[in-house]
Amino acid sequence: MNRRELLAAFLGVPVALAACRSNVGPSFPDGSIVGASDGIGHKLRDGQRIEPSPDNWQRAGVVIVGGGIAGLTAAWRLMKAGFEDFVLLELEAAPGGTSRSGGDSPVVPYPWGAHYLPTPMKENGALVALLDEMGVIEGRDEKGEPMVAEQFLCRDPEERVFYKGRWYEGLYLHAGASHEDIVQLEAFNREVDKWAAWRDRRDRRAFAIPVAKSSDDAEVTSLDRITMGEWLRERGFNSPRLRWLVDYACRDDYGLTVEQTSAWAGLFYFASRMRAPGDEAQSLITWPEGNGRLVAHLYEKARARVRLGFAISEIIPTGEGKDAGVDVVALENDGRSAVGFHADRVIFAAPHFLTKYLIRPYREAAPPHVAEFQYGAWMVANLFLKDRPASVGFPLAWDNVLYESPSLGYVAATHQRGLDRGPTVFTYYYPLCDDDPRAARRRLLEANWKAWADVTLTDLTRAHREIRALTERLDVMRWGHAMIRPRPNFIWSGARRAATQPFRSIHFAHTDLSGIALFEEAFDHGIRAAEEVLATRG
Ligand SMILES: Cc1cc2nc3c(=O)[nH]c(=O)nc-3n(C[C@H](O)[C@H](O)[C@H](O)COP(=O)(O)OP(=O)(O)OC[C@H]3O[C@@H](n4cnc5c(N)ncnc54)[C@H](O)[C@@H]3O)c2cc1C
């Protein structure tokens with residue numbers, strides 16, 4: 001490694017921070033920390049409240065809290081039903097939450113979080129309808145499965161992996177694999193096939209997208225009691241390459257290592273994306289700006305009813321029975337003025353842990369399930385490059401993974417545009433997988449821009465020696481509560497089910513209610529919560 005053992009394996013040790021502070025060593029590009037208003041979040045957590053003045057109260061049928069995928073989807077569903085008496089309030093200056101993207105590069109837009117979704121199967125009718133509306137689907141095959149237009153399918157080559165000085169095609173490291181490695185890979189694929197074929201007595205898949213359509217049969221849910229690492233060991237899977245592949249999948253989708261992830265979630269990653277045993281995984285849909293394209297579409301539909309830069313500070317259920325309602329107070333982003341809404345219903349589409357700060361009765365005594373919702377921290381950096389770095393071995397792909405790094409590597413935004421030369425934007429992803437999520441958040445927030453820029457550039461220098469010289473700007477996003485953590489005994493513990501139930505006139509929608517962070521899950525909860533509200537109106 002080195003540059004002080006890769007900044008003490010990503011700033012775990014104070015020495016690494018000191019090295020960055022002293023700024024001895026390499027030069028740095030321009031850049032800054034962007035987005036994710038943790039300042040206002042901490043004020044809300046610490047109980048900062050402002051009462052709206054009496055003339056600053058309005059009426060709304062429904063207030064949607066949060067303009068991520070779940071909140072925007074709820075708005076989309078309400079509007080599809082012809083219901084427009086709602087307002088959506090979003091804390092940040094831009095919509096999209098963890099699916100947000102950036103548009104200020106003259107070369108290409110780029111993601112700040114979510115960057116793809118697998119092609120949905122025909123059973124996911126609501127999502128197929130959204131993609132139809134966006135013109136992403138161009139027809140159905142003979143089995144009625146949606147067919148995605150070529151330009152939205154991830155372009156080849158999709159993935160490559162860097163190992164000991166060279167890039168190789170694909171994600172599984174075939175080069176140098178032993179006979180035993182291949183035997184184990186095939187045996188693992190047979191296990192996944194078995195689960196892709198499995199159906200319960202009600203003909204439900206073991207692992208379906210959305211999770212709400214998965215079987216709750218004990219044969220499947222018992223997998224949630226052990227880690228994916230234990231599951232691999234129980235079956236004698238000890239091939240380092242296979243273990244790496246599964247660990248990478250867990251870090252990539254859940255921000256957890258193979259030893260921290262529930263075996264249910266680990267197998268969900270592989271089996272839910274496969275239509276039938278032996279099939280390829282569903283093809284990936286992507287755009288240069290990642291799922292920012294989906295955000296833009298949903299936002300455009302609801303724009304007139306969305307208010308950006310409004311942080312909900314309090315939600316107060318009022319009245320009973322036919323007089324039931326809910327008051328909502330929001331701080332404007334200057335943090336000094338407040339506006340209030342008397343609403344019939346609220347759709348709470350922010351992360352569930354916030355309920356204990358924002359819903360008044362929860363603040364006084366939060367139900368026990370709230371404490372079960374734990375979130376991992378991620379650092380994402382966007383590097384604006386004046387030219388491509390050279391590659392030894394396989395050429396640049398969409399997803400470029402470093403085998404020997406705790407990071408996930410990077411995605412190239414220009415790939416989907418078919419631009420294979422000249423300037424580009426690389427989006428670099430690093431999940432902080434500490435056992436204690438608070439320790440991870442501390443590590444994330446204590447390191448400044450220069451420290452994270454140094455981590456990113458030093459890590460990428462392993463594969464691209466000239467990366468520092470080519471990087472003109474490097475911006476950093478610190479996601480403190482990036483993803484719900486599907487650790488053992490969470491997904492099927494009952495906490496999720498309890499959290500999904502409405503509380504008085506408040507309905508809940510967020511990807512965390514599935515126990516995993518995915519576009520499809522946020523979308524599904526947005527639809528469900530909107531339909532719950534519509535059902536109350538007869
Ligand atoms: C780095 C990263 C990469 C990812 N990659 C993928 C991917 O490739 N594919 C995929 O499917 N998923 C990915 N995800 C998961 C992603 O979280 C989901 O796809 C989805 O965007 C979650 O949407 P959501 O609406 O449930 O939650 P969020 O994105 O958390 O949205 C919640 C919204 O509520 C707002 N809010 C919070 N508090 C308040 C308040 N007090 N007042 C008003 N508003 C408030 C927030 O600002 C936010 O906009 C990724 C996530 C991260 C962090």
Side-chain angles (χ1 to χ4, degrees), residues 35-38 40-41 43-45 48 63-75 87-101 111-118 120 127 154 209-210 251-255 273 284-287 290-292 294-295 298-299 306-315 328-333 346-355 357-359 375-381 399 408 411 427-432 477-484 508-514 516-526 529:
S37 310
D38 33 282
I40 186 98
K43 280 187 190 153
L44 297 177
R45 185 194 61 193
Q48 182 175 322
V63 172
I64 301 175
V65 178
I69 295 298
L72 292 170
T73 301
V87 57
L88 184 157
L89 302 171
E90 163 56 45
L91 159 76
E92 301 287 347
T98 48
S99 291
R100 211 176 318 160
S101 58
W112 271 120
H115 49 284
Y116 72 92
L117 78 155
L127 182 50
C154 186
I209 300 179
R251 288 185 295 126
D252 187 35
D253 255 37
Y254 307 134
R273 298 171 178 200
L284 303 186
I285 302 173
T286 190
W287 296 268
N291 292 5
L294 294 154
V295 170
L298 292 167
Y299 177 53
V306 176
R307 306 245 199 120
L308 300 172
F310 283 84
I312 304 296
S313 60
E314 192 156 35
I315 300 172
V328 178
V329 177
L331 299 179
E332 292 190 43
N333 53 7
V346 159
I347 294 178
F348 189 92
H352 204 76
F353 79 95
L354 288 173
T355 56
Y357 303 115
L358 303 184
I359 300 177
Y375 302 78
W378 283 60
M379 191 282 291
V380 179
D399 199 4
L408 300 171
V411 167
T427 309
Y428 171 90
Y429 291 94
Y430 171 49
L432 286 77
M477 178 83 80
R478 297 180 303 185
W479 295 109
H481 293 82
M483 283 188 188
I484 188 75
F508 298 97
H510 190 272
T511 190
D512 58 7
L513 298 171
S514 291
I516 55 181
L518 283 181
F519 175 87
E520 298 92 319
E521 302 301 329
F523 181 80
D524 185 55
H525 288 293

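Ligands are counted one by one from 1 in listed order, and the atoms in each one are counted from 1 as well.
- Each of the atoms 24 (P), 25 (O), 26 (O) of ligand 1 lies under 4.0 Å from some heavy atom of A70.
- Close contacts between ligand 1 and F310 involve ligand atoms 42 (N), 43 (C) [criterion: under 4.0 Å to a heavy atom].
- Atom NE2 in H525 sits 8.0 Å away from atom CG in D512 (nearest 0.5 Å).
- Taking every heavy atom of T98 and a limit of under 4.0 angstrom, the matching atoms of ligand 1 come to 16 (C), 17 (O), 20 (C), 21 (O), 22 (C), 28 (P), 29 (O), 53 (C).
- Under 4.0 Å from ligand 1, the heavy atoms of V380 that appear belong solely to its side chain.
- Every atom of ligand 1 is numbered from 1 in the order shown, and the set under 4.0 Å from a heavy atom of Y116 is 7 (C), 8 (O), 9 (N), 10 (C), 11 (O).
- In terms of polar-atom proximity, defined here as any N/O pair under 3.5 Å, I69 does make such a contact with ligand 1.
- Distance CG/D524 to OG1/T73: 9.5 Å, rounded to 0.5 Å.
- Protein heavy atom in closest approach to atom 5 (N) of ligand 1: A114 CA, 3.0 Å.
- Of the protein's non-hydrogen atoms, A349 O, 3.6 Å is the one closest to atom 32 (C) of ligand 1.
- Interface of E92 with ligand 1, defined as ligand atoms under 4.0 Å from a residue heavy atom, comprises 47 (O).
- Nearest protein neighbour of atom 31 (O) of ligand 1, counting heavy atoms only, is G68 CA, 3.5 Å.
- Aromatic ring orientation, F523 versus F519: parallel (interplanar angle below 30°, classes split at 30° and 60°).
- To the nearest 0.5 Å, atom NE2 of residue H510 and atom CD1 of residue I347 are 14.0 Å apart.
- Within ligand 1, the atoms closer than 4.0 Å to a non-hydrogen atom of S99 are 19 (O), 20 (C), 21 (O), numbered from 1 in the order shown.
- Regarding atom 38 (N) of ligand 1, its nearest protein heavy-atom neighbour is L354 CD1, 3.4 Å.
- Not a single heavy atom of L117 lies less than 4.0 angstrom from ligand 1.
- When the heavy-atom distances from atom 30 (O) of ligand 1 to E520, H510, R100 are ranked, the shortest goes to H510.
- The nearest heavy-atom contact from the protein to atom 3 (C) of ligand 1 is G113 C, 3.4 Å.
- Within the 4.0 Å heavy-atom shell around ligand 1 one does not find W112.
- Taking each of G66, A522, P111, A517 in turn, the one with a heavy atom nearest to atom 34 (O) of ligand 1 proves to be G66.
- Only side-chain heavy atoms of L358 come within less than 4.0 Å of ligand 1; its backbone N, CA, C and O stay farther off.
- Considering T286, L72, I312 only, the shortest heavy-atom separation from atom 42 (N) of ligand 1 involves I312.
- Every atom of ligand 1 with a heavy atom of T511 under 4.0 Å away is listed here by number and element: 22 (C), 26 (O).
- Of the N or O atoms in W378, none lie within a sub-3.5 Å distance of an N or O in ligand 1.
- Distance from atom 49 (O) of ligand 1 to its nearest protein heavy atom, with residue and atom name: E90 OE1, 2.6 Å.
- In this structure, atom 11 (O) of ligand 1 lies nearest to the protein heavy atom F519 N, 2.7 Å.
- Contact atoms of ligand 1 toward A482: 53 (C) (distance under 4.0 Å to a heavy atom of the residue).
- Classification of the F353-H481 ring pair by plane angle, with boundaries at 30° and 60°, yields parallel.
- Within the model, atoms OH of Y430 and CG of L408 stand 10.0 Å from one another, a figure rounded to the nearest 0.5 Å.
- Remark: W378 CH2 to L432 CG distance equals 10.0 Å, nearest 0.5 Å.
- Nearest protein heavy-atom neighbour of atom 39 (C) of ligand 1: L91 CB, 4.0 Å.
- Nearest residue to atom 50 (C) of ligand 1 from E521, M483, H525, R307 is M483 (criterion: closest heavy atom).
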